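Source: prediction; values computed, not measured. The figures that follow rest on heavy atoms only: side chains count, while hydrogens, waters and symmetry mates do not.
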Amino acid sequence: MAQTPHPEADWWRQAVVYQIYPRSFADSDGDGIGNIAGVTAKVPYLKALGVDAVWLSPFYPSALADGGYDVDDYRDVDPKLGTLADFDEMSAKLHEAGIRLIVDIVPNHSSDRHVWFQEALAADPGSPARDRYIFRNGLGPNGDQPPSDWVSHFGGSAWTRVPDGQWYLHLFAPEQPDFDWSNPEVRDDFRKTLRFWSDRGVDGFRVDVAHGLAKDLAEPLRSMPVIPELDIQVDGTNPLFDRDDVHTIFEEWREVFNEYSPPRAAVAEAWVPTTRRALYARPTELGQAFNFDLLREDWDAEGFRKSITENLAESAASGASSTWVLSNHDVIRHPSRYALPTGLGREGLDEWLLSDGLDPLPDHAAGLRRATASTLLLLALPGSMYLYQGEELGLREVPDIPRDQLADPIWLRTGHQLKGRDGCRVPLPWTVARDAAGGSSFGFGSGGAHLPQPDWFGQFSVEAEEVDPDSVLALYRTALRLRRELQTTETLEFETSVPTDVLSFRRPGGWLVITNFGTTPVPLPSGEVLVASGPLADGQLPGETTAWIRE
Ligand code: NOJ
């Protein structure tokens with residue numbers, strides 16, 4: 001007999017999920033690194049913000065070769081961040097506050113300190129211990145050439161040689177050896193990890209590099225001297241990314257998720273073309289996949305319209321719900337992206353970081369206007385919104401962290417050609433002034449911050465914004481409260497008779513949303529204005545502003 005679904009089985013479909021990068025959120029013990037108890041202490045803040053769930057970036061034991069995405073032990077907490085008991089307390093406090101908890105899972109690679117990798121290094125070539133990872137002999141008469149021309153995401157070869165002459169594969173840093181997912185032991189161990197956290201009450205998982213797990217390792221290894229990014233051929237046959245056989249892994253994971261009631265949720269990080277994304281999000285697999293379109297899109301009505309239309313169609317076809325993302329721990333914060341001239345593209349943004357944020361000079365006021373207008377637009381869409389810590393404060397990128405303090409492996413491994421992602425990972429400002437108690441942070445912790453907070457951070461602090469009714473924080477709180485009331489079925493109807501730089505749509509229940517991407521005011525539709533991303537005057541919607549209207 002078919003079981004009745006849990007009444008909250010679909011909680012994730014239209015959830016607002018707040019990403020916490022734990023080392024940079026709040027530090028309760030003064031060692032300069034954010035920790036689990038720091039998150040627990042801020043649960044009232046998260047509740048007041050009105051989010052439905054928290055996604056916790058990796059908090060596992062790690063040497064931080066890649067900000068925690070180099071995991072030593074998947075079933076423990078980094079002692080620098082706390083203990084399993086601290087984790088349980090945080091989870092309990094979040095749940096008491098009605099906030100669910102999603103944890104990051106990193107299945108493509110472990111760290112080189114993981115017990116399995118240490119065993120592999122100590123074992124002989126061809127041994128079962130090596131078969132959990134991807135070890136190969138090198139090319140050339142002495143085997144001193146890498147087994148293939150594959151490159152790491154962080155620069156340089158994707159192969160590193162070990163003392164006995166073999167090479168191992170790492171699509172990221174050398175400290176992040178890739179697992180061999182054709183090995184049943186690897187598959188079993190990850191199912192064990194999913195159960196470990198699910199048994200502790202975790203509600204879902206964010207799946208790192210979901211599109212990378214299955215690899216074609218048939219010899220000779222196929223040539224692929226550049227990482228194809230989004231140009232991956234869309235037929236599932238690329239040797240390293242988005243292969244068709246990756247999906248059996250997630251079907252097995254779904255069986256584990258469905259052992260729980262409500263079933264555990266999941267969201268794929270899969271840098272694949274829009275048309276392939278829905279495969280990961282099928283109800284028989286992960287349920288959702290991040291839609292990163294808007295991380296690459298300028299502030300532009302047509303680009304937003306296209307992304308919205310395509311993603312709603314893709315997710316409807318697969319039974320998933322859409323996801324919307326403007327910022328995360330891997331990209332330049334969106335108020336800064338939108339403050340720069342359009343058309344810079346990824347390389348232009350990298351150049352801007354290398355200029356310490358001086359060339360071109362950002363128009364911060366415009367950046368913030370566009371950022372909040374975008375947020376209000378996306379919060380009104382069907383599907384889930386993933387917020388990145390600090391965006392609710394309107395926080396900007398820190399492009400001028402002193403070079404000797406940069407910690408991202410991208411900076412080192414590209415020979416200082418790319419600065420990397422530290423500028424969006426600077427610890428959050430909680431207070432207006434730097435700590436009096438000798439610390440040098442804005443309320444992050446008494447022992448300073450592991451990445452330096454610039455002087456302007458205080459004006460973006462929670463303390464400053466909590467008392468300002470016109471702050472970005474106040475806007476997010478209002479919008480999240482209203483969204484809970486207004487959000488209904490996952491449908492939307494575009495208003496077609498609007499100027500080209502205006503985007504407007506209706507949701508069920510008389511909820512009308514209008515965004516003016518241009519700079520000339522347009523007439524406001526009639527109805528009650530529920531919230532707007534900027535000041536309104538004379539029945540007009542000013543440029544670069546979004547309003548929600550009850551018709
Ligand atoms: C994606 C994560 O978001 C990023 O921070 C990390 O460096 C890579 N995956 C490797 O795990």
For this output row, return yes or no: ring centroids of Y74 and F190 closer than 6.0 angstrom. yes

Taking atom NZ of K47 as the centre, does the number of heavy atoms from other residues, nucleotides or ligands within less than 6.0 Å exceed 12? no

Flag yes if more than 12 heavy atoms outside R346 fall under 6.0 Å of its CZ atom; otherwise flag no. no

Distance-only donor-acceptor check, side chains Q288 and Y386, under 3.5 Å: yes

Q176 and S110 side chains, donor-acceptor separation under 3.5 Å: no

So, F59 versus W197, ring centres under 6.0 angstrom or not? yes

We want to know whether Y280 and D242 form a side-chain donor-acceptor pair, criterion being a heavy-atom distance below 3.5 angstrom. yes

Main-chain N/O of G204 paired to W12 side chain as donor or acceptor, under 3.5 Å: no

Might you confirm whether atom CD of E347 has over 12 heavy atoms from other residues, nucleotides or ligands at distances under 6.0 Å? no

Salt bridge (charged side-chain N to carboxylate O under 4.0 Å, His left out) involving E269 - partner list, sequence neighbours excluded: R206

Centroid-to-centroid, W430 to F442, below 6.0 Å? no

Is there any salt bridge (charged side-chain N to carboxylate O under 4.0 Å, His left out) pair reaching into residues 313-330, and which pairs are they, with sequence neighbours excluded? D330-R421, D330-R425

Check whether the ring centres of H450 and F25 lie less than 6.0 Å apart, and answer yes or no. no

